[in-house]
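Positions are given from 1, in the same order as the sequence printed here. Values in this document were obtained by computation on a predicted structure and should not be read as measured data.
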Amino acid sequence: MADKGISRRDFLKGALATSLIAVIAPKLVLSRERQQFFQKKIAAKYALIIDLNKCVGCGACVDACRIRNNLPEGQSFIKIYPKETNGRKWFLPVQCQHCVNQPCATVCPVNATYTTEEGVVLINELRCTGCKYCLVACPYQARILNEKTGTAQKCWLCLDYVLGGGEPACVHACIFGARLFGRKDDPESEVARLIASGEAVPLHPEFGTEPNILYYIPIK
């Protein structure tokens, strides 16, 4: 009986060890994947420049984004913050900055955030577990949680429109011309010239996120 007892204990130890390996091994593999994932940087091909001297805070971009993405009333991937400088009121629209260094991606346990060849940051909703880590990590507070699907969502620059030769819905909706969209990698494009001039600057460069899509022109 003693031999049988020892055999049973050995079996349980072996089973436990196997279980631990099964649990730990995927994490080790994921760690290596994450290292390779975050070492990869993709330069954006597109730029969206928001002219703060032209934005009147009308909210047309907010509504266009909500309708385009079928979001519930009161939700949008764009937020507009009223500001005031030297007695002058102005508006600051904020959305996903499509960063090179993405705090939202580094905290994601399943690598649900990725960057396309165009430099647009997207979310793989099939991978997303809805843990909300990315919502907290985003320094621009540009992500929301879809309550129905339980997954994180954000601006994706209407990439299907863009690849089809169009422009993001928010750009199309802005009647004041405050949103300028084009190819960043084309030196002849208006956005490329504006960026080269130094007039277009990133929002909060001190964050070190290297936003490569959205640029803001300071209030004059």
Side-chain angles (χ1 to χ4, degrees), residues 43-100 115-116 118-123 138-144 146 153-205 207 209-220:
K45 293 182 179 179
Y46 297 98
L48 172 59
I49 300 176
I50 302 177
D51 189 337
L52 300 183
N53 296 290
K54 293 181 179 180
C55 178
V56 299
C58 67
C61 57
V62 175
D63 291 337
C65 176
R66 177 181 58 80
I67 294 171
R68 169 70 177 91
N69 294 286
N70 195 30
L71 297 173
E73 192 70 32
Q75 275 196 342
S76 177
F77 297 150
I78 303 173
K79 298 177 182 178
I80 299 180
Y81 299 95
K83 302 286 184 177
E84 186 171 338
T85 302
N86 298 325
R88 178 185 174 183
K89 294 182 178 179
W90 53 283
F91 301 90
L92 176 65
V94 177
Q95 61 203 78
C96 174
Q97 306 293 288
H98 296 275
C99 309
V100 171
T115 307
T116 70
E118 295 77 26
V120 179
V121 179
L122 302 180
I123 301 174
C138 175
Y140 308 99
Q141 300 180 344
R143 294 190 170 207
I144 64 175
N146 186 317
Q153 292 183 316
K154 67 176 193 65
C155 162
W156 56 299
L157 282 180
C158 300
L159 190 56
D160 55 345
Y161 285 179
V162 173
L163 295 180
E167 57 188 8
C170 60
V171 177
H172 185 74
C174 183
I175 62 175
F176 295 97
R179 289 174 171 256
L180 179 64
F181 182 80
R183 291 191 70 95
K184 182 181 176 181
D185 59 349
D186 179 3
E188 300 301 319
S189 72
E190 189 174 355
V191 293
R193 289 197 297 268
L194 190 55
I195 293 171
S197 72
E199 293 185 54
V201 296
L203 179 65
H204 291 301
F207 289 167
T209 55
E210 297 184 37
N212 58 17
I213 293 291
L214 304 180
Y215 293 83
Y216 295 77
I217 300 175
I219 287 290
K220 297 177 181 179

Would you mind reporting whether Leu48 and His98 have side-chain heavy atoms less than 4.5 Å apart? no
Take the angle between the ring planes of Tyr140 and His204 and call it parallel below 30°, perpendicular above 60°, tilted in between. tilted
Spell out, as yes or no, whether a donor-acceptor pair under 3.5 Å connects the side chain of Gln141 to the backbone of Pro139. no
Measuring from atom CZ of Arg179 to atom CZ of Phe181, what distance do you get when rounded to the nearest 0.5 angstrom? 11.5 Å
Would you say that Cys99 contacts Val121 through its side chain, given a criterion of any heavy-atom pair below 4.5 Å between the two side chains? no
Note, Gln97 side chain near Phe207 side chain (heavy atom, < 4.5 Å): no
Can you name the closest pair of heavy atoms from Cys61 and Ile78 and give their distance? O-CD1, 3.6 Å
With rounding to the nearest 0.5 Å, note down the distance linking CZ in Phe176 to CG in Asp51. 13.0 Å
In this structure, CZ of Phe91 is separated from NZ of Lys83 (nearest 0.5 Å) by 12.0 Å
SG (Cys96) and CH2 (Trp156) are apart, to the nearest 0.5 Å, by 13.0 Å
Heavy-atom check, side chain of Thr209 versus side chain of Pro202, under 4.5 Å: no
In short, Pro82 meets Ile80 closest at the heavy-atom pair CD-O, 3.7 Å
To the closest 0.5 Å, what do you measure between CG (Leu163) and CD (Glu118)? 5.0 Å
I'd like to know if the side chain of Ser76 reaches the main chain of Cys65, judged simply by a donor and an acceptor atom lying under 3.5 Å from each other, with no hydrogens or angles considered. no
Indicate yes or no for a side-chain donor-acceptor contact from Arg193 to the backbone of Pro187 under 3.5 Å, with no hydrogens or angles considered. no
Between Arg66 and Glu73, is a salt bridge (Lys or Arg N to Asp or Glu O under 4.0 Å) present by the stated rule, with each step listed? CA-CA 8 Å; Arg66 177 181 58 80; Glu73 192 70 32; 3.5 Å; yes
Could you pull out the closest heavy-atom pair between Ile50 and Gln95, with the gap in Å? CD1-OE1, 4.4 Å
Give, for atom CD1 of Ile144 and atom CG of Leu71, the distance between the pair rounded to the nearest 0.5 Å. 5.0 Å
List the atom of Leu203, the atom of Pro211, and the distance in Å for their closest heavy-atom pair. O-CG, 4.3 Å
Would you say the side-chain atoms of Asn86 pair up with the backbone N or O of Arg88, donor to acceptor, closer than 3.5 Å? no
Do Cys138 and Lys154 touch side chain to side chain, with heavy atoms closer than 4.5 Å? no
Do the non-hydrogen side-chain atoms of Cys170 and Leu157 ever get within less than 4.5 Å of each other? no
Under 6.0 Å from the CD atom of Glu190, do we count more than 12 heavy atoms belonging to anything else shown? no
